[in-house]
Amino acid sequence: MEKFQIQLLERLQLSKEQTGHCALYTNRSHPEYGYSYIYERENCYSFLIGNYTIPEDFSLSFDLDQTLLHFGNFYTGTTMYQVHGSPLAHSMPSSFLTVEHDLHGTQHWKKGDHYYGIEVLIYETYLDSLCRDLVPGLHLLSSFQENYTYRYLPESVYRVLEEMHKLSQENRLSPLMLECKILECLAFLQQEVCSESENGFLSQLDYGQVSIGKDRLIRLTLSDIRAVEKAHEIIRLNAVNPPTIMQLAATVGISVQKLKAVFRHQYHMTIGDYTTSVRMSTAARLLTATQMPVEAIAHQVGYQHSANFARMFRKTYGQTPNQFRHKHN
């Protein structure tokens, strides 16, 4: 068992009352303190059920030098924690999943708070063995952002966890059944991250915020990012005769205001500036790779008047088109 878990049970004043493939921790003198069930296969995985009340204020440091896949459901209770180098944060009742890697910090509990939840911890070595011997494409750890808590589990995984909880209550969660359920959870997680580009985990990530207008601040979503990436590609392929911003917004499915704001946030330039940059880079290539007249190149990159083209080219490269051609030939 992990050192952190042992220290936590000691501070909860819970002692081992049952051994075997399942360890039960309780306090005979104070049954109101609750209990914790721990099922584990050493260096492979653990399944924990906790239902306890905090007897006193305390804090514990955590120092994780390995990598774990950690997920579960917390039904009641909150704790405060601080990872080294990050601001103070708190856990809350919810489903969760995180890939914990080289994690160091401190967690805090308050007297009288009640916690009830179930969680699974799976070691990197076990996942590596599955990838090597059974499922070559199982790369779950790399599918998630390290040390980021996703407040989400697929419904299929949630149901398996509830089944594990029920089997434990009925004293039917044997080692073989436990491993079957662990593998079932992993299969459903793999299915989720591989089935769709916009799965439930990706939608949980923080993509930042942008200002729209003077007083409106919006939080970006994955669909916003994907829409603007699509707009970027449309412009790249159609810079000579680009769609209007209204047409572009309608094509990618977001408002004109949001398209302008998110595009600038993502690419640090306006849509017009990007269109010009694509045109100018195309012109520079034609000037050095062909003998086309400057006027023909101007028309090729979308300028009706060569004077306007020459003015923009000089603004971009600091030279006239003819000077640029002479220097690079």
Side-chain angles (χ1 to χ4, degrees), residues 1-66 68-84 86 88-100 103-123 147 149 151 153 158 161-162 164-173 175 178 181-182 185:
M1 192 191 307
E2 291 292 323
K3 178 182 177 181
F4 177 81
Q5 190 67 36
I6 294 171
Q7 292 177 329
L8 176 59
L9 291 168
E10 289 175 352
R11 299 306 296 266
L12 294 173
Q13 301 178 29
L14 303 180
S15 302
K16 186 182 288 187
E17 299 290 340
Q18 177 183 320
T19 57
H21 68 275
C22 167
L24 168 63
Y25 291 80
T26 61
N27 188 317
R28 290 186 179 182
S29 301
H30 295 279
E32 70 276 11
Y33 286 1
Y35 61 84
S36 179
Y37 284 97
I38 300 177
Y39 298 77
E40 62 180 338
R41 180 179 168 191
E42 190 173 359
N43 296 321
C44 292
Y45 51 75
S46 300
F47 174 56
L48 299 85
I49 303 171
N51 190 351
Y52 46 79
T53 300
I54 306 305
E56 60 185 5
D57 291 356
F58 68 91
S59 300
L60 287 176
S61 61
F62 50 87
D63 292 284
L64 180 68
D65 295 319
Q66 54 189 316
L68 296 172
L69 177 62
H70 186 188
F71 59 91
N73 298 314
F74 277 112
Y75 306 108
T76 62
T78 60
T79 63
M80 302 297 293
Y81 64 93
Q82 187 165 23
V83 176
H84 289 172
S86 300
L88 192 66
H90 67 278
S91 63
M92 63 188 72
S94 69
S95 296
F96 70 92
L97 180 144
T98 180
V99 171
E100 298 171 349
L103 202 59
H104 309 281
T106 306
Q107 192 160 351
H108 312 277
W109 289 264
K110 289 291 185 181
K111 179 179 179 179
D113 285 351
H114 183 76
Y115 297 87
Y116 180 33
I118 56 179
E119 51 189 313
V120 172
L121 294 94
I122 303 179
Y123 292 79
N147 299 330
T149 301
R151 304 291 181 185
L153 282 176
Y158 185 93
L161 291 175
E162 293 298 302
M164 294 167 70
H165 191 190
K166 185 173 185 293
L167 288 166
S168 174
Q169 292 175 325
E170 297 170 352
N171 198 29
R172 295 195 297 122
L173 191 58
L178 175 62
K181 294 301 179 183
I182 293 289
C185 285

OH/Tyr37 to CG/Leu173 distance, rounded to the nearest 0.5 angstrom? 11.5 Å
Testing the basics here: between Asn147 and Glu100, what is the closest heavy-atom pair and its distance to 0.1 Å? OD1-CA, 3.3 Å
Nearest atoms (heavy-atom pairs only) where Ile54 meets Lys110: CB-O, 3.2 Å
Do Thr106 and Met80 have side chains that get closer than 4.5 Å, going by heavy atoms? no
Spacing of Thr78 atom OG1 and Tyr115 atom OH [to the nearest 0.5 Å]: 5.0 Å
Please report the C-alpha distance between Leu97 and Leu69 in whole Å, then the side-chain angles of each, then the deciding distance to 0.1 Å, and finally whether the side-chain contact (heavy atoms from CB on, under 4.5 Å) criterion is met. CA-CA 7 Å; Leu97 180 144; Leu69 177 62; 4.1 Å; yes
From OG (Ser36) to CD (Gln5), nearest 0.5 Å: 6.0 Å
Identify the heavy atoms of Ser91 and Arg151 that sit nearest to each other, and give their distance. CA-NH2, 4.0 Å
Rounded to the nearest 0.5 Å, the CZ atom of Arg172 sits from the CG atom of Leu167 at a distance of 5.0 Å
Could you check if a side-chain atom of His165 sits within less than 4.5 angstrom of a side-chain atom of Asn73, using non-hydrogen atoms only? no
Ile38 side, atom CD1; Glu119 side, atom CD - distance, nearest 0.5 Å: 9.0 Å
Evaluate the side-chain proximity of Leu103 to Leu68: yes if any heavy-atom separation is below 4.5 Å, no if none is. no
For the side chain of Asp57 and the backbone of Lys111, is there at least one donor-acceptor N/O pair under 3.5 Å apart? yes
Do any side-chain atoms of residues 8-15 form donor-acceptor pairs under 3.5 angstrom with protein atoms, and if so which ones, sequence neighbours left out?
none

Out of curiosity, Ser168 OG to Tyr39 OH, how far, rounded to the nearest 0.5 Å? 2.5 Å
Test your reading of the model: is there a side-chain donor-acceptor pair from Thr26 to the backbone of Tyr35, 3.5 Å cut-off? no
Counting N and O atoms only, with roles assigned by atom type, does the side chain of His108 sit under 3.5 Å from a partner on the main chain of Thr79, one being a donor and the other an acceptor? no
Does the side-chain contact (heavy atoms from CB on, under 4.5 Å) test come out yes or no for Phe71 and Cys185, once each step is laid out? CA-CA 10 Å; Phe71 59 91; Cys185 285; 3.9 Å; yes
With sequence neighbours excluded, what pairs up with Tyr45 under the ring pair (Phe, Tyr, Trp, His ring centres under 6.0 Å) test? Tyr126
Close side-chain approach of Phe58 to Trp109, heavy-atom, < 4.5 Å: yes
Leu178 and Glu40, any side-chain heavy atoms less than 4.5 Å apart: no
Using every non-hydrogen atom in the two residues, find where His114 and Tyr52 come nearest and quote the distance to one decimal. ND1-O, 3.2 Å
Closest contact, heavy atoms only, Gln7 versus Ser61: OE1-O, 4.3 Å
Leu64 versus His104: any side-chain heavy-atom pair under 4.5 Å? no
Mind checking what makes ring pair (Phe, Tyr, Trp, His ring centres under 6.0 Å) contact with Tyr158, not counting sequence neighbours? none
Restricting to non-hydrogen atoms, name the atom on Leu60 and the atom on Phe4 that form the minimum distance, rounded to 0.1 Å. CB-CE1, 3.8 Å
